[in-house]
Amino acid sequence: MKLAVLTAGGVAPGMNAAVRAVAQKAFSLGWEVVGVEDGFGGILEERFSPIDRSRLGGLMHRGGTFLGSGRSKAVREKEGLERAAQRLEEEGIGGLVVIGGGGSLTSAKALGEAGVEAVGIPATIDNDVPGTELSIGVDTAIDTAVGAIDQVRGTAISHNRAHIVEVMGRDSGYLALMSAIAGGAEVALIPEFETEPGEILRFLEVAYERGKSHFVIVAAEGAELSAKELQEYINEAEGTYEADLTSVGHIQSGGDPTSTDRILAARLGSAAVEALAEGEAGTMVGVSGEETRRVPLDEVVGKERPLDPDMYTLAQVLAEMEK
Ligand code: F6P
């Protein structure tokens, strides 16, 4: 059997470790493996390259993706999908492993409907994929954001300021909320539980009057009130902290994966190949505690992964800023 593997969408730390696990598991079954370059677009452009053990060395601890990643509009349309399915068939490929976030898993499902035996592996720093507790990359991204919060706090304390740290996550507040909890932030501003700017200002005033030396707000990029708007709002008000803003940006999607992400990648990479070997294409592999599971792509695509409201309450309790 000839297996193809690709990484697509926003890059996530641990993608290399996932490709390695897919390939090693496939080799253990006596399969051949090819990498598709730069995501789904690479199928249409016939950019397939054989993966052997020599290409896998020194890879699992590295961030980024050696295969390259991309977002292809063409595979979202019927004609492009059919062409992609045909290209894979012409290459003699019997199975495809797609490593990526929601958009990539949507394309995996569509390719499945066009006749491709595809299995998905969730990899996104947004952790917004349903059917799995964790996606590859989010653990590293949280660590990166927390590193930024820790460093910024030093500045905020010294200048007696408020500091807004904007983190990625697209429409999901997961990355921001977990970073706020781990970073001991005073406020988490996330799309799922919006806080009025007036209320944040009230928290700031109370903290200022209490003589608190600093005030850290973690803001998700997807929050309706943007980090920039919040900064302006705070700075227009008088008698409280001055607010600075740092956007953590793309350093969250790069960086070398934590051991948690490497282990997750190892588990999911191997599980994806097992799913194909057992004729369970059309699924995504995910984790629930110690268990590795298969979830039909139908139950993943177009669905939401709700944020645990208890975690939001916990963030408020820890910050002593509950309503
Ligand atoms: O979906 C993953 C993600 O990293 C988001 O958190 C972020 O909004 C987006 O992708 C960034 O995309 P790009 O790297 O193409 O700018």
Side-chain angles (χ1 to χ4, degrees), residues 125-128 138-253 304-323:
I125 64 166
D126 305 341
N127 207 33
D128 58 352
V138 68
D139 186 69
T140 309
I142 293 170
D143 266 9
T144 304
V146 171
I149 294 166
D150 289 349
Q151 303 228 11
V152 144
R153 184 181 287 103
T155 308
I157 290 173
S158 310
H159 294 292
N160 198 228
R161 284 189 197 150
H163 208 111
I164 304 163
V165 180
E166 187 188 40
V167 303
M168 280 179 160
R170 210 180 281 280
D171 300 326
S172 164
Y174 184 92
L175 178 55
L177 182 57
M178 296 305 148
S179 306
I181 291 173
E186 276 64 44
V187 170
L189 181 65
I190 57 173
E192 293 85 348
F193 300 94
E194 290 281 344
T195 314
E196 289 296 315
E199 192 163 10
I200 296 176
L201 195 62
R202 189 172 63 75
F203 293 156
L204 279 158
E205 282 162 356
V206 170
Y208 194 71
E209 275 160 28
R210 254 199 246 154
K212 198 166 168 22
S213 61
H214 61 283
F215 196 96
V216 176
I217 299 164
V218 177
E221 66 173 347
E224 203 178 308
L225 173 70
S226 76
K228 185 93 196 109
E229 285 164 351
L230 179 60
Q231 183 194 20
E232 283 164 9
Y233 184 85
I234 295 171
N235 285 339
E236 273 161 24
E238 280 172 21
T240 182
Y241 308 88
E242 195 185 314
D244 286 327
L245 168 61
T246 296
S247 193
V248 188
H250 283 87
I251 62 168
Q252 290 157 109
S253 46
E304 290 193 355
R305 183 188 188 283
L307 199 68
D308 182 356
D310 291 346
M311 292 308 279
Y312 186 68
T313 307
L314 175 62
Q316 289 178 309
V317 169
L318 293 172
E320 299 177 357
M321 293 291 160
E322 63 270 63
K323 289 172 193 169

Notebook entry, point to check: For the residue pair V248 and A148, what are the closest heavy atoms and their distance?
Noted result: CG2-CB, 3.9 Å
Notebook entry, point to check: Atom NE2 of H250 and atom OG1 of T144: how far apart are they, to the nearest 0.5 Å?
Noted result: 13.0 Å
Checklist line | Expected output: side-chain E224 to main-chain E194 donor-acceptor under 3.5 Å | finding: no
Checklist line | For the student: nearest non-hydrogen atoms of E192 and D171, plus distance | finding: OE2-O, 4.1 Å
Next item on the list: Using the ring-ring contact (aromatic ring centres under 6.0 Å, His included) rule, collect all pairs that involve residues 140-162, keeping only residues at least two apart or in two chains.
Entry: none
Notebook entry, point to check: So, does R305 use its side chain to make a donor-acceptor pair with the main chain of S172 at under 3.5 Å?
Noted result: no
Next item on the list: Indicate yes or no: at least one non-hydrogen side-chain atom of I234 is less than 4.5 angstrom from one of I217.
Entry: yes
Check: For G169 and L175, which heavy atoms make the closest approach, and how far apart are they?
Finding: N-CD2, 4.3 Å
Notebook entry, point to check: So how far is it from I181 CD1 to I142 CD1, rounded to the nearest 0.5 Å?
Noted result: 9.5 Å
Item checked: Side chains of D128 and Y174 in contact at under 4.5 Å (non-hydrogen atoms) -> no
Next item on the list: Please report the closest heavy-atom contact between G184 and R153, naming both atoms and the distance.
Entry: O-NH2, 3.3 Å
Margin query: Can you tell me how far apart NE2 (H214) and OG1 (T155) are? Round to the nearest 0.5 Å.
Written below: 11.5 Å
Next item on the list: Any chance you could measure T195, atom OG1, to L201, atom CG, to the nearest 0.5 Å?
Entry: 13.0 Å
Notebook entry, point to check: Is the number of heavy atoms from other residues, nucleotides or ligands within 6.0 Å of CD (E304) greater than 12?
Noted result: no
Margin query: Is any side-chain heavy atom of D310 closer than 4.5 Å to one of L314?
Written below: no
Notebook entry, point to check: Between the side chain of Q252 and the main-chain N/O of M168, is any donor-acceptor distance below 3.5 Å?
Noted result: yes
Note to self: Does anything in residues 231-241 form a side chain to side chain donor-acceptor pair (under 3.5 Å)? List the pairs, not counting sequence neighbours.
What the structure shows: K228-Q231
Item checked: Closest heavy-atom pair and its distance - S247, E166 -> OG-OE1, 2.9 Å
Checklist line | Non-hydrogen atoms of A227 and I164 that approach each other most closely | finding: O-CD1, 3.8 Å
Item checked: Euclidean distance, L307 CG relative to I190 CD1, rounded to 0.5 Å -> 5.0 Å
Check: Is there a donor-acceptor contact under 3.5 Å from the side chain of E186 to the main chain of A319?
Finding: no
Note to self: If you define the side chain from C-beta out and look only at heavy atoms, does anything of F215 sit under 4.5 Å from F203?
What the structure shows: yes
Note to self: Going by salt bridge (Lys or Arg N to Asp or Glu O under 4.0 Å), name the residues that satisfy it together with D139, two or more places apart in sequence or in a different chain.
What the structure shows: none
